[in-house]
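As structure tokens, the structure follows; a few thoughts come after it.
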Amino acid sequence: LLSGTHIRKVLTPRTADSSPTTEPLPGVVPSNVKRLILVRHGEVDLSQFGGRKVFYGGAEVPLSQQGRREAAAAARVIAEHERVDVVWASPLSRASFGAELVAAAQAKKRQAEARPLIGPVAHEGFKEVNRGEWFGKFPGVEVSADEIARWNRDPDFRPPGSEALADVAVRVLSARDELLAQVPWGSTVCLVSHMWVTRSLVADALGCLDLTTQGDTSKLQDIDIPTASISVVEYTRCSDPFDTHGIGAKAVVYAGRKPPVEKSDGDARGG
């Protein structure tokens, strides 16, 4: 792990239990910390693809009924345990729907407070990966397993018309830095977005996001981010008293915790 990165807890399918939970979120934010709550959008409706679990990435794909229930469950759990100051979102409708629910629940919670909730604020930098010519294709059949493995492993591999993982991570981290700079220390921010956006942010905090020419990003597959799951990353102010905006340590409190909802046969795998 990179120097200065601290892991309190991270849940992945290979190393820990990522079963549904309603366990409380971390609580009061210290004055030298900015807390980022990451929520993936709910399950999507794949009827336009004949129900096949294909690549869709950054395209507009609507939520299923189950996905809307999942988004509501995530918003409810966050409202029960967290006071959110700012809500961010991907501009795609499946994410903005969840962001609106988070904001509505928080606004109701903060009715008596003088300081208003900010958001949802949509940012293009938080869109899901552009799949290019892979859009609508069936993994392992219309796109070979070798090509998929290469995209997962090689941060600079760009199938025709698509983004490489490095492209996604760079724009996501840039958007995060831009918006975090606008909120004071001691704030809690909630971002509703997508699987690869969340994976990029969690991997960065873990120190395992190697985007160099020789980098291998295949381990990001081990960061399980189910639909409507909640992850929490905290950024601590650096010790330099003259650097008021600088981030020192990064901590993944946990990743991929999903509030319990009814099961469905729609798509919870992702785009």
Side-chain angles (χ1 to χ4, degrees), residues 10-20 38 40-67 70 90 92-95 126-172 193-203 206 208-211 213-229 231 255-256 258 261 263-271:
V10 61
L11 301 180
T12 73
R14 277 65 167 184
T15 60
D17 176 22
S18 58
S19 58
L38 304 167
R40 185 184 170 195
H41 63 79
E43 175 192 279
V44 300
D45 181 353
L46 293 176
S47 59
Q48 64 179 295
F49 306 111
R52 299 198 313 163
K53 296 182 179 181
V54 300
F55 287 113
Y56 50 86
E60 274 289 1
V61 179
L63 292 171
S64 65
Q65 290 185 358
Q66 175 71 3
E70 290 179 338
S90 157
L92 296 178
S93 63
R94 60 186 184 270
F126 296 130
K127 289 181 71 172
E128 182 61 296
V129 55
N130 177 2
R131 289 298 189 182
E133 291 186 4
W134 285 11
F135 172 76
K137 293 185 177 180
F138 194 64
V141 179
E142 295 165 300
V143 179
S144 72
D146 287 343
E147 287 181 291
I148 297 169
R150 183 180 176 189
W151 190 90
N152 290 332
R153 179 185 67 253
D154 179 355
D156 290 319
F157 175 56
R158 295 175 184 82
S162 73
E163 290 181 295
L165 180 53
D167 300 328
V168 179
V170 167
R171 67 169 165 78
V172 166
S193 62
H194 308 276
M195 180 171 69
W196 283 105
V197 174
T198 304
R199 278 180 170 168
S200 296
L201 291 164
V202 170
L206 292 175
C208 61
L209 186 62
D210 185 356
L211 302 179
T213 304
Q214 302 301 317
D216 181 350
T217 48
S218 57
K219 289 184 178 179
L220 269 67
Q221 292 290 310
D222 290 333
I223 303 174
D224 189 34
I225 307 296
T227 51
S229 62
S231 306
K258 180 170 181 170
V261 289
K263 291 185 178 180
S264 169
D265 54 10
D267 180 39
R269 179 192 58 81

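These numbers were taken from a predicted model, which means no experiment stands behind them.
The minimum heavy-atom distance linking Pro139 with Lys53 is given by the pair CD-O, 3.3 Å. Residues Leu211 and Pro155 come closest through the heavy atom pair CD2-CB, 4.0 Å. Considering all non-hydrogen atoms of both residues, Leu92 and Gly57 come closest at CD1-O, 4.5 Å.
Between the side chains of Asp146 and Ser144, no donor-acceptor pair is found at a separation under 3.5 Å.
Distance alone, capped at 3.5 Å, is enough to place a donor-acceptor pair between the Arg199 side chain and the Ile223 backbone. A donor-acceptor pair under 3.5 Å links the side-chain atoms of Arg171 to the main chain of Lys127, judged by distance alone. Between the side chain of Arg131 and the backbone N or O of Phe55 there is no donor-acceptor pair closer than 3.5 Å. Side chain of Ser218 to main chain of Asn152: no donor-acceptor pair is present (N/O by atom type, distance under 3.5 Å, no hydrogens or angles).
Here the CG-OG1 distance, from Leu165 to Thr217, works out to 4.5 Å after rounding to the nearest 0.5 Å. For the atom pair Phe126 CZ and Ser200 OG, the distance stands at 11.0 Å (nearest 0.5 Å). In this structure, the separation between CD on Glu133 and CD on Glu142 is 13.0 Å, given to the nearest 0.5 Å. Atom-to-atom distance recorded for Glu128:CD and Arg40:CZ is 7.5 Å, nearest 0.5 angstrom.
If you look at Phe135 and Phe49, their ring centroids are closer than 6.0 Å.
None of His41, Glu43, Glu60 except one satisfies the side chain to side chain donor-acceptor pair (under 3.5 Å) rule with Arg94; the exception is His41.
Within a 6.0 Å sphere centred on CD of Gln65, other residues, nucleotides and ligands contribute 12 heavy atoms or fewer.
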